[in-house]
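Excluded from the calculations below are hydrogen atoms, water molecules and symmetry mates; all remaining heavy atoms, backbone and side chain alike, are included. Treat the numbers as computed from the prediction; the structure is a model and nothing was measured.
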Amino acid sequence: MNTVSARAALGAEFIKIRTVRSTAWTLALTLILSVGLGILFCLTLRYGFDRMDPRARANFDPVTTGFYSLTLGQISLVVFGVLCVSTEYTSGTIRASLAAVPHRGMFYAAKVLTATMVALAFSLFTVLLTFFTAQAALGAHGTTLSEPGVLRAVVFACVYLTLLCAFAIGVATMLRSTALSLGIMIPLLFLDSQGLGNIPKVRTVAQFLPDQVGQVMMQVVKPEKSFISHRPFGPWTALGILVIWATAACVGGYLLLRRRDA
């Protein structure tokens with residue numbers, strides 16, 4: 001396939017994202033949740049910091065604290081990735097899309113590349129705004145980009161959200177259903193928050209799930225005694241694990257797209 005057809009496929013995917021209202025609303029919701037909740041959470045900790053026990057103060061990570069709101073904001077970004085694929089199946093426009101771009105590899109590559117480019121740009125804006133507003137809310141307990149490990153954590157937060165979106169795209173392509181895709185992914189994102197991460201056998205598997213490795217990617221201070229402190233890998237290894245998750249999902253999506261009828 002020539003370069004012109006590749007550009008046309010990319011342009012078509014950008015138009016789809018711009019013209020579907022639900023995708024725009026999910027991105028806006030990601031920003032509102034991440035920034036708004038980040039400010040509220042950090043303000044609460046700022047005025048309650050002196051009442052924390054000594055161990056909690058010693059393990060305090062202003063970056064992880066500021067990015068705590070991303071655990072909710074990421075859901076909207078996952079929804080965005082799923083909708084980029086599933087809306088074509090629910091509306092039936094997938095047949096027209098494949099008729100316009102019969103080369104399924106090019107069609108899929110254009111969809112994944114376009115959605116992840118949008119996710120990357122939006123994640124960069126959201127993460128930076130969340131970081132600066134959250135650290136301002138923490139006041140004297142906040143940090144800056146010049147501190148050791150902080151810039152790496154901020155960059156990895158952007159990468160995490162982008163790769164999580166790519167993972168959602170792959171899952172949605174395999175399942176071809178909005179409800180089924182979200183019904184599987186959202187519970188996984190809250191597996192640890194439900195207390196299941198404290199069960200040894202579950203923890204062995206849960207620590208390698210996308211959202212859990214994302215927490216390691218964004219942390220600067222490693223807590224002494226917590227679920228995170230027992231993970232046998234650091235931020236760079238966590239990045240590699242997340243790349244494997246996203247790649248596996250996208251490859252799986254392509255293999256099924258290539259073999260199945262629309």
[X] side, atom [atom1]; [Y] side, atom [atom2] - distance, nearest 0.5 Å:
{"X": "R176", "Y": "S181", "atom1": "CZ", "atom2": "OG", "value": "11.0 Å"}
{"X": "L239", "Y": "Y160", "atom1": "CG", "atom2": "OH", "value": "12.5 Å"}
{"X": "L77", "Y": "F80", "atom1": "CG", "atom2": "CZ", "value": "7.0 Å"}
{"X": "M217", "Y": "D211", "atom1": "CE", "atom2": "CG", "value": "12.0 Å"}
{"X": "T26", "Y": "I75", "atom1": "OG1", "atom2": "CD1", "value": "12.5 Å"}

Linked, directly or transitively: L120 and L151 (ILVMFWY side chains, under 4.5 Å):
no

Is I184 reachable from L163 through a run of I, L, V, M, F, W or Y residues, each pair having side-chain heavy atoms under 4.5 Å apart?
yes

Is any side-chain heavy atom of [X] closer than 4.5 Å to a side-chain heavy atom of [Y]?
{"X": "Q135", "Y": "T144", "result": "no"}
{"X": "F132", "Y": "V127", "result": "no"}
{"X": "M185", "Y": "F167", "result": "yes"}
{"X": "L31", "Y": "F122", "result": "yes"}
{"X": "T173", "Y": "L256", "result": "no"}
{"X": "V118", "Y": "L27", "result": "yes"}

Side chain to side chain contact (heavy atoms under 4.5 Å, CB included) test vs P210 passes for just one of V78, L242, I244, I241, namely L242

Taking it one step at a time, do D61 and F67 satisfy side chain to side chain contact (heavy atoms under 4.5 Å, CB included)?
CA-CA 10 Å; D61 187 340; F67 285 156; over 6 Å; no

Using the six-membered ring of F156, assess whether NZ or CZ of R152 lies under 6.0 Å from its centre and within 45 degrees of the ring axis.
yes

Run the side-chain donor-acceptor check on residues 32-48: report pairs under 3.5 Å with partners two or more places apart or on a different chain.
unit_1: S34; atom_1: OG; unit_2: T30; atom_2: O; d: 2.8
unit_1: T44; atom_1: OG1; unit_2: L40; atom_2: O; d: 2.9
unit_1: R46; atom_1: NH1; unit_2: A137; atom_2: O; d: 3.3

Using a strict 4.0 Å threshold on nitrogen-to-oxygen distance, state whether E88 and K16 make a salt bridge.
yes

According to the salt bridge (charged side-chain N to carboxylate O under 4.0 Å, His left out) rule, which pairs have a member within residues 23-33, sequence neighbours left out?
none

Where do T64 and V220 come nearest, in terms of heavy atoms and distance?
OG1-N, 4.2 Å

So that I know where these two stand, are F208 and F233 an aromatic pair - ring centroids less than 6.0 Å apart?
yes

